Amino acid sequence: MKILILGNGAREYSIALALQKTNKNIEFYFAPGNGATAQIGTNLNMKDCKVITAYAKASEIDLCIVGSENFLADGIVDLFRENNMAIFGPTKAAAMLEASKSYMKSFLKKHKIKTAKFLNTTDFEKAKKFILNLTPPIVIKADGLCAGKGVVIAQSHDEALEVTHKMLSGESFGDAGKIVVIEEYLNGFELSIFALCDGDDFILLPPVQDHKKLLDNDKGPNTGGMGAYAPSSLASKSLLEQVKKDIIKPTLEGMKAQGSEFSGVLFIGLMIVNNKPYVLEYNVRFGDPECEVLMPLIENPLEMFLACANKNLSSIDVKIKDEYAVGVVCASKNYPYKDSPKALIGIGEIPKNSHLSYAGVSLENNKLYASGGRVLVCVGTGKSIKEAQENAYKLCDNVNFKGKQYRKDIAFQVLQ
Ligand code: AMP
Ligand code: GLY
C-alpha cells in the first residue's frame, strides 16, 4: 500500500511511525517531508496541490493524509475527491474554520456555541471603541493563517490599540491581519480536544495537554508547542460529554447544513472557565506536538485514517491503548525568534518505551543535522504519566545537538 503524507514536521513523522509499527506493507511518500522522513520513505519536493494530485494519481497512491493546514486551505482535498482518490482531511470550504478566525467566530455565534465575546472588524475606530470597553488583558487576533503567531494578549489598552493598528495596516502580518478579531480574555485552563470525523459521525480521541510557552512554569513567549501529554486527567467525563453535546455536535451539524461537511480531524482549542468549555479556536488538522503523543496510543491507525477518508467511521472501533504518552520538544538555540546555526545530532541509546519524532532536521551523508525551529520530540510511553514522563526525559538525556533547548517540566503540573 502507498501512503502519501503532506507536511514537514514531527507530526507527519509520528503518523508514519505509528502506521509503520502496525502495518508492515506500507510504502511512504512525503511532500515535502524532512531529513528524517527521507529515511523511512521518499520525499517529494512538491508544494503545489495540483502537482501533488497529478503525482498521486500517476503513482497510484492509495491514501493521502494531510498533516499541515496550508494544503487544506489550498484545496488539496477537493482535488483528490474530484479524482476519486482517498484523502484524510477537510475540503477547502471546511478548512475555513481554521483559515479565517473571523469566519470561525461568526460561525460560533450563529450556532450558539460558547466562545469569548468578540468583534470582527477592518475598521480601527470600531476596534478602538470595542477595546476601550474591555478590561485588559485584551486578546487581538489576526484573521488569517500566521503560523501560530497571529494572537497577541495585550496587557493594556495602549498595547491593544498599537497591536491592532499594526495588524490592520498590514505591518504585522500583511493581508492575514487586515481583518482583526478583538476578544475578551478568558481565565481558565486550556484543553485540546481531537474529534475524528467522516462528515456524519465522530469519535473523540484522548484529550491532550499542550505546553505553548517556551520556558518552564509557562514563562516566556508563545511557541508552536514545547511538549504535550495524553490522556489529560484535567478532562472529566462530564466535561467531555458537554464538549460533545454543546460543541462538536452543533459544529458538525452547522458545517453540514451550510454544505461544507467536515471530515478529517477537528482539533478544538478550549478554555475551561468554571467547568464550562469555551471555544478558543478550531484547527482542521492534528496539533503538533499533540499528534506525537496521540499516535503511539492508537492501536489501529490505518483503519482509523481509512474510515475517515472513506466515510465509514461508524463501522470501526478506534482502539486506544490503556497507556500514557509524554512528548518533550527539543528546539534549536534561537527558537522561536530566529534561525539557528546547523548542528549535528548525536543520538545515544534509545531507552525502552521511548522513541524520537523528527521535525527541523536535514540529512547529509546519512547524518541528521538540526536545521532550526523545533528539531525533534522525545516521546515516552508508560502505564502512568510519571512512567511516560521518565521515559521521555531519559531519551532526552541521550539526544544532543549544539544549542538544544527544552522544557524540563512537561506534565509536571499534573504530577504535583
Ligand atoms: P488561538 O490561536 O486562538 O488558540 O490563540 C493562541 C493562544 O492564545 C491560546 O492557546 C490561548 O493560550 C491564548 N488565547 C487565545 N484567545 C484567548 C482568550 N480569549 N482568552 C485567553 N487566552 C486566549
Ligand atoms: N500545538 C498547537 C498547534 O499545533 O496548533
Side-chain angles (χ1 to χ4, degrees), residues 7-12 14-15 66-70 72 97-105 108 114-120 130-131 134-155 160 163 167 173 176-177 180-194 207-214 218-230 232 265-273 276-295 327-329 331 335-336 357 359 373-374 377 407 410:
N8 64 358
R11 169 179 52 200
E12 289 73 23
S14 73
I15 291 173
V66 190
S68 131
E69 60 273 23
N70 295 322
L72 297 167
L97 280 183
E98 174 167 0
S100 165
K101 288 196 189 290
S102 62
Y103 170 87
M104 168 203 67
K105 293 294 283 191
L108 289 167
K114 270 201 170 60
T115 188
K117 198 168 93 182
F118 70 101
L119 173 78
N120 293 336
F130 192 77
I131 285 169
L134 291 173
T135 310
I138 297 164
V139 186
I140 320 288
K141 301 183 176 182
D143 180 55
L145 294 175
C146 301
K149 299 185 181 74
V151 175
V152 177
I153 297 176
Q155 299 300 328
V163 167
M167 283 191 193
F173 303 110
V180 294
V181 180
I182 319 266
E183 265 185 32
E184 69 171 340
Y185 181 81
L186 296 174
N187 207 348
F189 69 88
E190 282 184 63
L191 197 65
S192 304
I193 295 288
F194 293 87
V208 191
Q209 198 80 39
D210 188 10
H211 296 63
K212 288 215 168 84
K213 301 281 183 191
L214 182 71
D218 288 333
K219 297 271 168 16
N222 259 338
T223 68
M226 292 300 289
Y229 65 88
S232 164
V265 60
L266 183 65
F267 159 10
I268 310 174
L270 296 172
M271 186 72 88
I272 314 299
V273 187
K276 294 258 174 305
Y278 287 71
V279 174
L280 288 182
E281 64 168 347
Y282 292 112
N283 293 299
V284 297
R285 36 82 194 171
F286 279 110
D288 189 348
E290 289 94 325
C291 189
E292 291 91 300
V293 294
L294 279 172
M295 283 302 136
V328 179
V329 172
Y335 181 74
S357 269
R374 291 183 291 174
V377 187
R407 276 181 64 158
I410 302 302

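As the structure lists them, so they are numbered: ligands from 1, and atoms in each ligand from 1. Here the structure is a predicted model, which means the values were calculated and not measured.
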ask   = Backbone or side chain, does any N or O of Asn283 fall under 3.5 Å from an N or O of ligand 2?
value = no
task = List every atom of ligand 1 that sits less than 4.0 Å from any heavy atom of Tyr185, numbering the atoms from 1 in the order shown and giving each element.
result = 20 (N), 21 (C), 22 (N)
ask   = Can we say Glu281 and Lys141 salt-bridge, meaning some charged N sits less than 4.0 Å from an Asp/Glu carboxylate O?
value = no
inquiry  = Give me the residue, atom name and distance of the protein heavy atom closest to atom 20 (N) of ligand 1.
reply    = Leu186 N, 2.8 Å
ask   = For ligand 1, which atoms, with element, lie under 4.0 Å from some heavy atom of Met271?
value = 21 (C), 22 (N)
key: Distance in Å, Leu145 CG paired with Lys101 NZ, rounded so as to fall on 0.5 Å steps   = 8.5 Å
query = Identify the closest protein heavy atom to atom 17 (C) of ligand 1: which residue and atom is it, and at what distance?
reply = Leu280 CD2, 3.5 Å
task = Number the atoms of ligand 2 from 1 as they appear, then name those within less than 4.0 Å of a heavy atom of Asp210, with their elements.
result = 1 (N), 2 (C)
Nearest candidate to atom 9 (C) of ligand 1, where distance is taken over non-hydrogen atoms, out of Lys101, Glu190, Glu98 = Glu190
ask   = Of all the atoms in ligand 2, which lie at a distance below 4.0 Å from a heavy atom belonging to Glu290?
value = 1 (N), 2 (C)
query = Of Asn120, Leu134, Val139, which meets side-chain contact (heavy atoms from CB on, under 4.5 Å) against Ile182?
reply = Leu134
key: Which residue and heavy atom of the protein sit nearest atom 5 (O) of ligand 1, plus the separation   = Val151 CG2, 3.4 Å
request  = Name the closest protein heavy atom to atom 13 (C) of ligand 1, giving the residue it belongs to and the distance to 0.1 Å.
outcome  = Ile153 CD1, 3.8 Å
inquiry  = If the cut-off is 4.0 Å to any non-hydrogen atom of Lys141, which atoms of ligand 1 fall inside it?
reply    = 3 (O), 15 (C), 16 (N)
key: Point-to-point distance, once rounded to the nearest 0.5 Å, from CE of Met295 to OG of Ser14   = 6.0 Å
ask   = Is any N or O atom of Val139, backbone or side chain, closer than 3.5 Å to an N or O atom of ligand 1?
value = no
inquiry  = In the structure I gave you, are the side-chain heavy atoms of Val208 and Val293 within less than 4.5 Å of one another anywhere?
reply    = yes
note = shortest atom 2 (O) of ligand 1-to-protein heavy-atom contact is with Glu281 OE1, 3.0 Å
ask   = How many angstroms lie between OG in Ser232 and CG in Asp210, if you round to the nearest 0.5 Å?
value = 11.5 Å
remark   = Looking at Gly224, Ser192, Cys291, Ala228, the heavy atom closest to atom 2 (C) of ligand 2 belongs to Gly224
remark   = protein heavy-atom neighbour closest to atom 5 (O) of ligand 2 works out as Arg285 NH2, 3.1 Å
Subset of ligand 1 atoms that lie under 4.0 Å from at least one heavy atom of Lys212 = 10 (O)
key: Side-chain donor or acceptor of Arg374 paired with backbone N/O of Gly225 under 3.5 Å   = yes
key: Note, Gln155 side chain near Ile153 side chain (heavy atom, < 4.5 Å)   = yes
query = Any side-chain heavy atom of Leu186 sitting closer than 4.5 Å to one from Leu280?
reply = yes
ask   = CD of Glu184 to CZ of Phe118: how many Å apart, nearest 0.5 Å?
value = 11.0 Å
note = A student checking ligand 2 against Gly287 at a 4.0 Å heavy-atom cut-off should list atoms 4 (O)
query = Among all protein non-hydrogen atoms, which one is nearest to atom 19 (N) of ligand 1, and what is the separation to 0.1 Å?
reply = Glu183 OE1, 2.7 Å
message = My understanding is that only one of Lys212, Arg407, Lys213 makes a salt bridge (Lys or Arg N to Asp or Glu O under 4.0 Å) with Asp218; could you say which?
response = Arg407
query = Where on Asn187 is there a heavy atom closer than 4.0 Å to ligand 1, on the side chain, on the backbone, on both, or on neither?
reply = neither
inquiry  = Between Arg11 and Phe286 (side chain of the first, backbone of the second, donor and acceptor by atom type, cut-off under 3.5 Å), is there such a pair?
reply    = yes
